[in-house]
Amino acid sequence: MGHTATAQAGSGGLTATEHRLANGLRVVLSEDHLTPVAAVCLWYDVGSRHEVEGRTGLAHLFEHLMFQGSAQVKGNGHFELVQGAGGSLNGTTSFERTNYFETMPAHQLELALWLEADRMGSLLAALDDESMENQRDVVKNERRQRYDNVPYGTAFEKLTALAYPEGHPYHHTPIGSMADLDAATLEDARNFFRTYYAPNNAVLSVVGDIDPQQTLAWIEKYFGSIPAHDGKQPPRDGSLPETIGEQLREVVEEEVPARALMAAYRLPHDGTRECDAADLALTVLGGGESSRLHNRLVRRDRTAVAAGFGLLRLAGAPSLGWLDVKTSGGVEVPEIEAAVDEELARFAAEGPTAEEMERAQAQLEREWLDRLGTVAGRADELCRFAVLFGDPQLALTAVQRVLEVTAEEVRAVAKARLRPDNRAVLVYEPVTAEQNENDQEEGADQ
């Protein structure tokens, strides 16, 4: 089934058509003949929020296993075939989804669709102990390189664990723990695939220089015979009170270049007008070199070398406002924190100026248009709105919704949420390598 493409108001003339195969696979197509390329994006409705205690990191591990071959494609063949055809590809895992994507010369679109269908339908034929061990080691190494062995690398994991209580589905990050990665078995991986990697748990978008009728025929040919699976359990409830109700705090002593103040504020769910208002508030406060916090801390006070405030949008749990300030010289964190709270209190009382509001909306509009202006970015957003909010068409009018938010709504969400009693705080204090070794030895002795 499908419907015709009609440009909605506020969509900038962009269109998308929706279709569904008999096995439940949702398909979204968007024609764009500006350049002879096509983007294929496949979102599976599974992320780290679907994992259970003791098996964290399985969604991300499985993302890697999807590149280890399938029935017709051996070993590294997926990469070799796409890149050999002049395309690019990758996959990512988040709290709320796992996605796979290729951007191809338009005449190679059929190859990308065949490759995605082959691993959706037949990955288990190639999944064995060897590929499991290979990718387990790759993921563990990725954890070392991106989290454990880089300055401030543990911040995301620590703040997430503070912001979402023990037992909450977002308490752990997609990378998973080393212990759980070691504990994952081949049977765990097989069960995970059977449960979540089914056509009725996925959305496929194709954007670019395409013939919709031919594209649909290929999708039906390659995906249509893959059976649906009905064993999926819904993710655990991620709802929480609007505010934390206290300030949660952790001091981290590590080998880092400078002291740092990081904080996560509990903000409205993605997909709401309040979340768009929060995005605008954080843009005014910490989105770039014209923002209030950059002007105050970096330019005026010179107490920081960097100050940013961004939004981690989440649909199944409260979003997070992410504050990140790196101090300059010997400046102490309490001085930084006092200045941040002063700026947030002033903003909550007065709201943004007309000029700030215009600049923030223009900044977010440009970011949205940049995403929708590329075939890969649009394919990803169509999948995101289909999986998380049930309607891919919402991606095409997202810009308009941001532009409709008022300054008073921005002030109101800042007043309600950007408060000291609604944040998890991480303070980094530098130590030397020698101090670190001594602390570890003392811990070992105990």
Side-chain angles (χ1 to χ4, degrees), residues 47-49 56 94-96 146-147 150-175 177 238-252 254 256 259-272 274-287 291-294 297 304 306-327 333-334 336-341 343-345 347-348 410 413-429:
S48 57
R49 67 172 173 167
T56 65
S94 76
F95 291 101
E96 300 182 324
R146 292 175 50 194
Y147 288 76
V150 292
Y152 315 108
T154 55
F156 183 56
E157 200 167 40
K158 288 179 182 296
L159 267 183
T160 300
L162 278 176
Y164 300 110
E166 188 85 38
H168 189 273
Y170 292 65
H171 179 72
H172 70 278
T173 56
I175 194 71
S177 73
S239 59
L240 288 168
E242 287 193 352
T243 58
I244 297 171
E246 61 177 318
Q247 182 171 214
L248 305 170
R249 201 174 192 89
E250 184 178 338
V251 177
V252 183
E254 283 186 4
V256 291
R259 291 189 180 97
L261 169 68
M262 301 187 191
Y265 292 78
R266 190 178 289 177
L267 295 176
H269 287 64
D270 191 14
T272 62
E274 293 79 15
C275 189
D276 287 337
D279 204 353
L280 286 162
L282 300 191
T283 302
V284 173
L285 287 163
S291 66
R292 290 195 181 194
L293 290 177
H294 185 90
L297 299 171
F309 213 168
L311 179 64
L312 175 63
R313 288 177 175 264
L314 295 168
S319 302
L320 291 183
W322 205 267
L323 175 72
D324 186 351
V325 182
K326 305 293 193 312
T327 66
V333 167
I336 294 280
E337 199 165 358
V340 168
D341 286 342
E343 291 299 326
L344 295 188
F347 190 79
V410 172
V413 77
K415 182 179 181 182
R417 304 295 191 105
L418 300 181
R419 304 170 0 193
D421 66 348
N422 183 37
R423 70 182 175 205
V425 176
L426 210 56
V427 174
Y428 276 89
E429 289 288 345

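All values below were derived from every heavy atom in this structure, side-chain atoms included, with hydrogens, water molecules and symmetry-related copies excluded. Residue numbers start at 1 and run along the sequence shown.
Qualifying side chain to side chain contact (heavy atoms under 4.5 Å, CB included) partners for Arg259, counting only residues two or more places apart in sequence or in other chains: Thr327, Glu332, Val333, Glu429, Pro430. Shown here are the ring-ring contact (aromatic ring centres under 6.0 Å, His included) partners of Tyr265, two or more places apart in sequence or in another chain: Phe309. For Glu250, the side chain to side chain contact (heavy atoms under 4.5 Å, CB included) partners two or more places apart in sequence, or in a different chain, are Lys158, Leu162, Val252, Leu426. In this structure His172 satisfies the side chain to side chain contact (heavy atoms under 4.5 Å, CB included) test together with Ser48, Glu51, Thr56, sequence neighbours excluded. Shown here are the ring-ring contact (aromatic ring centres under 6.0 Å, His included) partners of Tyr152, two or more places apart in sequence or in another chain: Tyr428. Taking Ala278 as the reference, Leu267, Pro268, Val413 meet the side chain to side chain contact (heavy atoms under 4.5 Å, CB included) condition, with sequence neighbours excluded.
Side-chain contact between Cys275 and Leu311 is present, with at least one heavy-atom pair separated by less than 4.5 Å. Leu320 places none of its side-chain heavy atoms less than 4.5 Å from the side chain of Leu159. Two residues are said to be in side-chain contact when any heavy atoms from C-beta on lie closer than 4.5 Å; Arg266 and Thr243 fail this criterion. A 4.5 Å side-chain heavy-atom check between Val256 and Lys326 finds every atom pair outside the cut-off. Val325 has its side chain out of reach of Leu293: every pair of non-hydrogen atoms, C-beta onward, lies at least 4.5 Å apart. The side-chain heavy atoms of Phe95 and Thr160, taken from C-beta on, include a pair separated by under 4.5 Å. At a threshold of 4.5 Å between non-hydrogen side-chain atoms, the residues Asn422 and Leu418 do not count as touching. Residues Val410 and Val284 have side chains not in contact (no heavy-atom distance under 4.5 Å, counting atoms from C-beta outward).
The minimum heavy-atom distance linking Pro318 with Tyr164 is given by the pair O-OH, 2.6 Å. Considering every non-hydrogen atom in both Ala163 and Ala264, the closest pair reads CB-CB, 4.4 Å. Annotation for Arg423 and Ala263: closest pair CD-CB, 4.3 Å, computed over non-hydrogen atoms. Here the closest non-hydrogen pair linking Ala155 and Met262 is CB-SD, 3.4 Å.
Taking CD of Glu96 as the reference point, atom CG of Asp270 lies at 7.5 Å (rounded to 0.5 Å). Here the CZ-CD distance, from Arg419 to Gln247, works out to 12.0 Å after rounding to the nearest 0.5 Å. Here CD of Glu274 is found 11.0 Å from OG of Ser319. Values are rounded to the nearest 0.5 Å. Rounding to the nearest 0.5 angstrom, the gap separating the CG atom in Leu344 from the CG atom in Leu285 is 6.0 Å.
Aromatic ring pairs are classed by plane angle as parallel below 30°, tilted from 30° to 60° and perpendicular above 60°; the pair His168 and Tyr170 is tilted.
Not a single donor-acceptor pair under 3.5 Å links the side chain of Arg249 to the backbone N or O of Val427.
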